[in-house]
Enquirer: 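Sharing a structure with you now.
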Amino acid sequence: MLLEQLNNMQKKAVLQTEGPVLILAGAGSGKTRVLTHRIAYLLEEKGVYPSQILAITFTNKAAQEMKDRIEQQLGGIYNDMWVSTFHSTCVRILHQDIDKIGYNRNFVIYDMDDQKRLLKDCLKQLNINEKNFPLSSIQREISSAKDELISPIDYKKQVNDDFRKEKIGQVYELYQKKLKSNNALDFDDLIFKTVELFTLRPEILGFYQQRFRYIMVDEYQDTNTSQYQLIRLLASKYENLCVVGDDDQSIYKFRGANIHNILDFEKDFPNAVVIKLEQNYRCTQKILDAANGVIQNNRGRKAKTLWTDNAEGTSIQRYEAQNEYEEGEYIANQIQKEVREGREYKDIALLYRTNAQSRVLEEKLIQSNIPYRLYGGVRFYERKEIKDLIAYLRSIANPSDDIAVQRIINVPKRGIGNVTVGKVMDIAIEQDCDFFDILVEAEENPSLQRAASKLKTFANMIIGFQVQVPHLSLVELTERVLKDTGYIAELEAEQTEEAQGRIDNIKEMISKVAEYENNAKENEEEPTLHGLLEEIALVADIDNYNEESNAVSLMTLHSAKGLEFPCVFMTGLEDGLFPSYMSIVSGDEKDLEEERRLCYVGITRAKQRLYMTHARSRMVRGNIQYNQVSRFLEEIPEELLEEEKKEKPSSFSPMSKKASLYSFNPIRRKRPVMPIPKNFTLDFKEGDFVVHKKFGKGIVKNIQPAGADYEVTVDFLEKGTKKLMAHLSKLKKMKN
DNA sequence: CCTACTACGCTTTTT
DNA sequence: GCGTAGTAGG
């Protein structure tokens, strides 16, 4: 029977099908198993129809896996059951009904790059200088507004003659207008517009409320306000809402995740049943102890004690390298050793804080002939050649997509330069129509005279493709585009290794298109250009994670969430890198706590063996940084760690000699990287008033020496009590 | 209008 | 160190 393989708490979680349920699932406590069993139980024992179930997961891969497992368990196919990510779920709903709130149902989805380009156009049109308003910060600001369900109108209301906000409000408003006229939605809109649809059209909400009698949300600790609202709306009729999460694994605050969604679940649903899964089945005792040692330094957690029956296991290997190259060599050597002792490559993962760290690691793995797969970094769909190709497909599917049309209007070169594009843009704005419309009528526009024929030729080519769409398969269409535009020919003519790489990527893209067509046919759906573009827009890199291929996995700590590996290397454990420089200087303990949770996530990915490495020096953005060992590593109880003896410099491989040469290269530093002066002393004492850039004035409560720096507790007048590093946070004594 | 060169700024983390 | 934006010359 279904429940046999479960422990008591897991059983309880499966059987508690009615009403709101909060499952606090510690790392490795079998929550995926609980979720799949719960769904199986609903279907099998409770007679619930598959169509009445909505399960939200964090990645497409997790969704697919869950669905597969259920189908395997019950031996059926459940196409009516919705198991998908927030974003995919919303796309599906919007596809059906977004026309009810004035959008076109065949919308396209803009990624971050598209957003930036569109924002750039907005700034230009509003005469706002990019120097004073960097695109990335505006993008962040608008994105967080959307996460909080703040519309441009609401945003402008709360400006309160803050000049910066006033400008951003204008940009936000124009940005939304342009998105709409381009028939596009960005990531955040997917959720926002669904909530808007449900709010404005209660009958549509009613339909889905009625349909989804049982709702489950995984990784609930990482939901943001808009996602929370969405779930609340959907669940408010039957309240059969089961959320699963772990407050200790909340690592997406920067993306708007609101940890209070999980901390306050019982307040929002007073009759909620809370179930804790505290037995860890994944890690050895020592790894779990290390994880607990780190996470216990966080405040404001839900009470929870993770324990395990598993063996004690081996100590955690700690290693200090001279620099990042030596770190990579050590790791490569250890991997080879592990493999000699019977470990498989695919059972090993290298985790790091920032994508930039992967390069050196890759280099060393290649030198040692170790097969690896890289997740994240420059994603496949973000490569120039792939984005160009997609932009063609998007222009064909939706000529209102100004961003796509502008991207490829001169790729390959057709003699249509920036000046011409600028003119066309101005005319389009003036006439309030699509960029593409101006191209079609270029000859009628006197100011375009010289370029008119070129523009017209381009427009005709796109229209030509559009005409062919019904008669060609998607693969055929893609190939025709590559051929007729001369894109492939141009790359082939280059005769460089780089160009060949791009051609290979394009070939891979074609096989992905073929894959999409086949999948669609298998599911008895009509493959469409829109469907293809939608799928492309929503894939995460980690969705391509493949446990079959026997290779070491390289990924960020964020990407590793939800995965597990017998052997894990956590790399770059240095203050300033992990925890990140930003989280240290912000002076806000909460930022540091988020980093600590990330560390907790990393440690608990390991089942049997955990290595933690750091380097004394490291090149970051062309500067050499000397970082202290990560405070998180120091938080692990000494007796769990084993320090690896350092290799003698004489045993360095030739490569590392070259590497150390680099280190002696006198590279000019633009700005010293937070060096702490040798005899750094404080010019204030307890009871003095100090000033902080972000927190303002405060009174010093306590001073503790911490390495070369001091940890200072300050009671800020407006922001409350904070613990700060005196030097890093640039605390200044106030003159009275 | 295109290409080649220089200067600058930037990186956490991602659906 | 890298990629991109901005500038000058053809």
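This one's a predicted model, so the numbers in the text were calculated from it and none came from an experiment. Quick note on labels: first sequence line is chain A, next is B, and so on, each numbered from 1.
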Enquirer: If the condition is side chain to side chain contact (heavy atoms under 4.5 Å, CB included), which residues does A:Ala63 pass it with, not counting sequence neighbours?
Expert: A:Thr57, A:Val83
Enquirer: Given B:dT12, B:dT15, B:dC2, which nucleotide is nearest the side-chain atoms of A:Glu595?
Expert: B:dT12
Enquirer: Tell me the interatomic distance from A:Met555, atom CE, to B:dT14, atom P, rounded to whole angstroms.
Expert: 11 Å
Enquirer: According to side-chain hydrogen bond (donor to acceptor under 3.5 Å, both in side chains), who are the partners of A:Glu534, at least two apart in sequence or on a separate chain?
Expert: A:His95
Enquirer: Which nucleotide wins on minimum distance to the side chain of A:Ala356, given the candidates B:dT12, B:dT11, B:dT15?
Expert: B:dT11
Enquirer: Please work out which of the three classes, parallel, tilted or perpendicular, describes the rings of A:Tyr220 and A:Tyr228, given edges at 30° and 60°.
Expert: tilted
Enquirer: A:Thr85 has a side chain; which of B:dT13, B:dT15, B:dT12 sits nearest to it?
Expert: B:dT15
Enquirer: Send over the distance from A:Gln357 CD to B:dT13 P, rounded to a whole Å.
Expert: 9 Å
Enquirer: How many whole angstroms separate atom CZ of A:Arg140 from atom C1' of B:dT13?
Expert: 12 Å
Enquirer: Using a heavy-atom cut-off of under 4.0 Å over every strand shown, decide if A:Phe86 touches base, sugar-phosphate, or nothing.
Expert: nothing
Enquirer: Which protein N or O atoms sit under 3.5 Å from an N or O of nucleotides 6-10 of chain C?
Expert:
none

Enquirer: Over all strands shown, is A:Asp147 touching base, sugar-phosphate only, or nothing at heavy-atom distances under 4.0 angstrom?
Expert: nothing
Enquirer: With sequence neighbours left out, write down each residue that passes ring-ring contact (aromatic ring centres under 6.0 Å, His included) with A:Phe435, or none if nothing qualifies.
Expert: none
Enquirer: Using heavy-atom distances to pick each residue's nearest nucleotide on DNA chain B, tell me which of A:Gly415 and A:Phe254 is more 5'.
Expert: A:Gly415
Enquirer: With sequence neighbours left out, what residues match A:Asp401 under side-chain hydrogen bond (donor to acceptor under 3.5 Å, both in side chains)?
Expert: A:Tyr110, A:Arg394
Enquirer: In this structure, how many angstroms lie between the P atom of B:dT13 and the OH atom of A:Tyr252, rounded?
Expert: 11 Å
Enquirer: It should be established whether A:Lys561 places a side-chain nitrogen or oxygen under 4.0 Å from OP1 or OP2 of nucleotide B:dT13.
Expert: no
Enquirer: Using the closest heavy atom to pick a nucleotide of DNA chain B for each, name whichever of A:Ile251 or A:Ile416 lands nearer the 5' end.
Expert: A:Ile416
Enquirer: Quick one: ring-ring contact (aromatic ring centres under 6.0 Å, His included) partners of A:His530, sequence neighbours excluded?
Expert: none
Enquirer: Does the side chain of A:Asn355 get closer than 4.0 angstrom to OP1 or OP2 of B:dT13 through an N or O atom?
Expert: yes
Enquirer: Can you tell me if the side-chain N/O atoms of A:Asn224 get under 4.0 Å from OP1 or OP2 in B:dT15?
Expert: no
Enquirer: Send over the distance from A:Glu594 CD to B:dT14 C1', rounded to a whole Å.
Expert: 12 Å
Enquirer: Nearest to the A:Thr354 side chain among B:dC2, B:dT15, B:dT12, which nucleotide is it?
Expert: B:dT12
Enquirer: Below 30° counts as parallel, above 60° as perpendicular, anything between as tilted: where do the rings of A:Phe254 and A:His558 land?
Expert: perpendicular
Enquirer: OH of A:Tyr375 versus P of B:dT14: gap in Å, rounded?
Expert: 15 Å
Enquirer: Should the ring pair A:Tyr252 and A:Phe58 be called parallel, tilted or perpendicular, given that the plane angle runs from 0 to 90° and is split at 30 and 60?
Expert: tilted
Enquirer: Could you tell me how far apart A:Ile191 (CD1) and B:dT14 (P) are, to the nearest whole angstrom?
Expert: 18 Å
Enquirer: Compare the minimum distances between each of B:dT3, B:dT12, B:dT15 and the side chain of A:Lys413, then state the nucleotide with the smallest one.
Expert: B:dT3
Enquirer: Send over the distance from A:Lys146 NZ to B:dT15 C1', rounded to a whole Å.
Expert: 14 Å
Enquirer: A:Thr556 side chain N/O closer than 4.0 Å to the phosphate oxygens (OP1, OP2) of B:dT14?
Expert: yes
Enquirer: Looking only at side-chain atoms of A:Ser136, point me to the closest of B:dT14, B:dT11, B:dT3.
Expert: B:dT11
Enquirer: B:dT11, B:dT12, B:dT14: which one has an atom nearest the side-chain heavy atoms of A:Ser559?
Expert: B:dT14
